[in-house]
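Residue numbering restarts at 1 for every chain, and letters A, B, ... go by the order of the sequence lines.
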Protein chains: 2
Amino acid sequence: MAAIVATAWELSRAQGVGALTLHALAREVGMRQPSLYVYFESKNALYDAMFADGNRQLLERLTKLDLPDDPRAALKAFMGTFVSFGIEDQDRYTLLFQRPIPGFEPSAASYEHARAVLDHAIALLHTAGLESQDDVDCFIAMVAGLIDAQIANDPAGDRWIRHLDRLTDLYLDEAKRRTRRR
Amino acid sequence: MAAIVATAWELSRAQGVGALTLHALAREVGMRQPSLYVYFESKNALYDAMFADGNRQLLERLTKLDLPDDPRAALKAFMGTFVSFGIEDQDRYTLLFQRPIPGFEPSAASYEHARAVLDHAIALLHTAGLESQDDVDCFIAMVAGLIDAQIANDPAGDRWIRHLDRLTDLYLDEAKRRTRRR
DNA sequence: GTCTATACATCGATAGAC
DNA sequence: GTCTATCGATGTATAGAC
């Protein structure tokens, strides 16, 4: 079961999440296509398992981090890890953070890990000085913009994501200035 | 031919670009599916025509703008129009600026309008003070991040894109400070 | 240019034997 | 749990009559 999901990730990496078929997956794990229905009641159930698995991987990596005390440094370390996770497997990133499969919506259970990741990020943003919903929205959109541009235009490089720390400072400094002004 | 492309856009708006089928398109224009091959030699040729058409729409709207003299105001007007264009038809935005169709790559000819739009944006960014490749990259990624977040999470609202002008000032001000420091 | 008819392929899903 | 066999739906593309 875990092996099937792992193989599904392999195939997705090779040809894209949307191009994954049960026939190909079954062949790759040495089974026939109908046998997969013993483990997943539908193709979307497979996607849901992949979604949960990917978020679990991400959460594991993020919680394993030994974050520095300084809030700004902690935020950079956290976000740097997040970005690396996204870049190292584009199709996993796509499945977790975009909606590449028409008709597939993650189940509530699979969403729990994703929720935990987001909550962790928001908490770090708060202690680093981005407290309003607006500031959090803008910062997260900025990070996502960097990752998306990187994946779309320069998958193997760092042309966009290398600016993460500088832009993080930019957003935090501006918020700090705004706070002081009051 | 233009009518077919227009109808293709309608259908894409209703059900997503990826869900567009030649049968449905033919039915909608009052023909049978094989008749479409008189106008497009393949489905990807249809996508290519849509891609060119969408970029032509965008370029037309942007060149029609009466931009203010102030570089910063001009940039905001330009980007505001770009963002509005993206938000008002999400599936058009997807086809133009993401790769939602596996196996479809725009032809070189269809890319010309897209290139013109990008060049125009870069020129405006230069006169507004963002001159380096790095600054242009970051700014465009930021705008795309706002649009993507908006479309994905709040298609009918303005939770993200309403920060466009403020963030534009943020990026321009920071570049200005950097320039002065030298 | 538009039609009918159909080839051809892919894919998800189910039935039922072992 | 895994198999064979097959259904049923969908979708692109082509052949050839009109």
Boundaries of the chain B footprint along DNA chain D (any atom under 4.0 Å from a heavy atom):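 Contact span on the strand: D:dG11 to D:dT14.
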[X] side, atom [atom1]; [Y] side, atom [atom2] - distance, nearest 0.5 Å:
X: B:Asp48; Y: B:Leu46; atom1: CG; atom2: CG; result: 9.5 Å
X: A:Met142; Y: A:Asp137; atom1: CE; atom2: CG; result: 13.0 Å
X: A:Leu146; Y: A:Ile87; atom1: CG; atom2: CD1; result: 9.0 Å

Would you mind writing out the side-chain donor-acceptor pairs for residues 73-80 of chain A within the sub-3.5 Å range, not counting sequence neighbours?
{"from": "A:Lys76", "atom 1": "NZ", "to": "A:Asp169", "atom 2": "OD1", "distance (Å)": "3.1"}
{"from": "A:Lys76", "atom 1": "NZ", "to": "A:Asp169", "atom 2": "OD2", "distance (Å)": "2.9"}

Sugar-phosphate, base or nothing in reach of A:Phe40, heavy atoms under 4.0 Å: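 It contacts nothing in the nucleic acid.
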Please tabulate the protein-to-nucleotide N/O contacts below 3.5 Å involving nucleotides 8-13 of chain C, giving atom names and distances.
{"from": "C:dG12", "atom 1": "OP1", "to": "A:Lys43", "atom 2": "NZ", "distance (Å)": "2.4"}
{"from": "C:dG12", "atom 1": "OP2", "to": "A:Leu22", "atom 2": "N", "distance (Å)": "3.0"}
{"from": "C:dA13", "atom 1": "OP2", "to": "A:Tyr37", "atom 2": "OH", "distance (Å)": "2.6"}
{"from": "C:dA13", "atom 1": "OP2", "to": "A:Lys43", "atom 2": "N", "distance (Å)": "3.0"}
{"from": "C:dA13", "atom 1": "O5'", "to": "A:Tyr37", "atom 2": "OH", "distance (Å)": "3.2"}
{"from": "C:dA13", "atom 1": "N7", "to": "A:Gln33", "atom 2": "NE2", "distance (Å)": "2.6"}
{"from": "C:dA13", "atom 1": "N6", "to": "A:Gln33", "atom 2": "OE1", "distance (Å)": "2.8"}

Test side chain to side chain donor-acceptor pair (under 3.5 Å) applied to B:Thr7 - qualifying residues, sequence neighbours left out: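 Applying side chain to side chain donor-acceptor pair (under 3.5 Å) to B:Thr7 gives none.
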Under 3.5 Å, which donor-acceptor pairs link side chains of residues 92-99 of chain B to any protein atom two or more places apart or in another chain?
{"from": "B:Arg92", "atom 1": "NH1", "to": "B:Gln57", "atom 2": "OE1", "distance (Å)": "2.6"}
{"from": "B:Arg92", "atom 1": "NH2", "to": "B:Phe85", "atom 2": "O", "distance (Å)": "3.0"}
{"from": "B:Arg92", "atom 1": "NH2", "to": "B:Glu88", "atom 2": "OE2", "distance (Å)": "3.0"}
{"from": "B:Thr94", "atom 1": "OG1", "to": "B:Gln90", "atom 2": "O", "distance (Å)": "2.8"}
{"from": "B:Gln98", "atom 1": "NE2", "to": "B:Asp148", "atom 2": "OD1", "distance (Å)": "3.1"}

Pair up each side-chain donor or acceptor in residues 27-41 of chain A with any protein partner under 3.5 Å, not counting sequence neighbours, and list the distances.
{"from": "A:Ser35", "atom 1": "OG", "to": "A:Arg32", "atom 2": "O", "distance (Å)": "3.4"}

Ring geometry between A:Phe104 and A:Phe51 (parallel below 30°, tilted from 30 to 60°, perpendicular above 60°):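 A:Phe51 vs A:Phe104 ring planes: perpendicular.
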